[in-house]
Amino acid sequence: MANFEQRRQSWKQRNRIYIYAAVIALVMTMFVAPEVMEGDSMEPVISDGDVTVLSKESYSAKRGRPDLGDVVVLEKPYSQQFAEDNLILRVVGIPGDEISIDRGKLYRNGKEYEGPGSDGHMGQDMDPVSVDKDSVFLLCDNREEEDSIDSRNEKMGLVPMKEIRGKVRIIVWPFDRLGGIDK
């Protein structure tokens, strides 16, 4: 019996690094995921080809909502209704907000929105939209595009919070852009 215990102990000793790696990989896939930006819709904050890391988070009226200014990734099945891959967008309207675009400027609750992407022209004007308790209003940062796939698009409109896969935390590639995401 002592011989069996010694062999078991030595197997654990020899394979400890692999066991740790497997546990870390399992934990990492449960809580974070990589995401590659395709296109220029989030320029200049996230560029085409940038690899980001998102924390997997689920939102709803009961579980909590994303914060204003968060950059989020939509669930793939939902995203593919509008684009070929996942969509990375910024939260500019949360439950209870009224969002409008007037003379190329974005307004949140009657005040001009200040934040990443707000310094350019917004394209077409948009009548006020009230964000309901289960949804958010999402925009890309490169907002001058007339055919943007975001909440301005009639096909997409307000996005249910349950369709958000997670929050983008950092850019990890290319290394010269390594760092957090501007809010």
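Shown here for Val131 and Phe137, the closest heavy-atom pair between the two residues is CG2-CB, 4.1 Å. Nearest heavy-atom pair across Val159 and Ser151 is CG2-OG, 4.0 Å. Between Met161 and Lys133, the shortest heavy-atom distance links the atoms CE-O, 3.1 Å. Taking every heavy atom of both residues into account, Ser41 and Cys140 meet most closely at O-CB, 3.0 Å. Between Arg65 and Pro95, the shortest heavy-atom contact is CD-CD, 3.7 Å. The two residues Gly96 and Asn109 come nearest to each other via the heavy atoms O-OD1, 4.1 Å.
Although no hydrogens or angles enter the test, the distance criterion places no donor-acceptor pair under 3.5 Å between the side chain of Arg90 and the main chain of Leu139. A distance-only check finds no donor-acceptor pair linking the side chain of Asp141 to the backbone of Glu43 [under 3.5 Å]. A distance-only check finds a donor-acceptor pair linking the side chain of Arg177 to the backbone of Val45 [under 3.5 Å]. Judged purely by atom type and a 3.5 angstrom limit, Asp150 uses its side chain to pair as donor or acceptor with the backbone of Arg152. For Asp70 (side chain) and Val72 (main-chain N/O), no donor-acceptor pair under 3.5 Å exists by modelled atom type.
Clustering ILVMFWY residues whenever any of their side-chain heavy atoms sit less than 4.5 angstrom apart, transitively, puts Tyr20 in a cluster other than the one holding Phe31.
Annotation for Leu178: atom CG counts as buried by contact number, over 12 foreign heavy atoms lying within 6.0 Å. By the 6.0 Å contact criterion, NZ on Lys56 is enclosed, its count of non-hydrogen atoms from other residues, nucleotides or ligands being greater than 12.
Between atom CD of residue Glu98 and atom CG of residue Asp127 there is a gap of 10.0 Å, rounded to the nearest 0.5 Å. To the nearest 0.5 Å, the span separating CG on Leu158 from OG on Ser130 amounts to 9.0 Å. Note: Thr52 OG1 to Ile181 CD1 = 6.5 Å, rounded to the nearest 0.5 Å. Remark: Leu106 CG to Glu114 CD distance equals 10.0 Å, nearest 0.5 Å. A distance of 9.5 Å separates CD of Glu35 from CE of Met37, quoted to the nearest 0.5 Å. Rounding to the nearest 0.5 Å places CD1 of Ile99 at 12.5 Å from OH of Tyr107.
Between Met156 and Ile149 the shortest side-chain heavy-atom distance falls below 4.5 Å. Between Asp67 and Val91 there is no side-chain heavy-atom pair separated by less than 4.5 Å. You'll find the side chain of Leu87 stays beyond 4.5 Å of the side chain of Leu138, heavy atoms only. Ile171 has its side chain out of reach of Val51: every pair of non-hydrogen atoms, C-beta onward, lies at least 4.5 Å apart.
A salt bridge is defined here as a Lys NZ or Arg NE, NH1 or NH2 lying under 4.0 Å from an Asp or Glu carboxylate O, and Glu112 with Lys105 meets this definition.
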*With side-chain contact (heavy atoms from CB on, under 4.5 Å) as the test, would you mind laying out the steps for Met42 and Asp50 before giving the verdict?*
CA-CA 11 Å; Met42 289 300 291; Asp50 284 0; over 6 Å; no

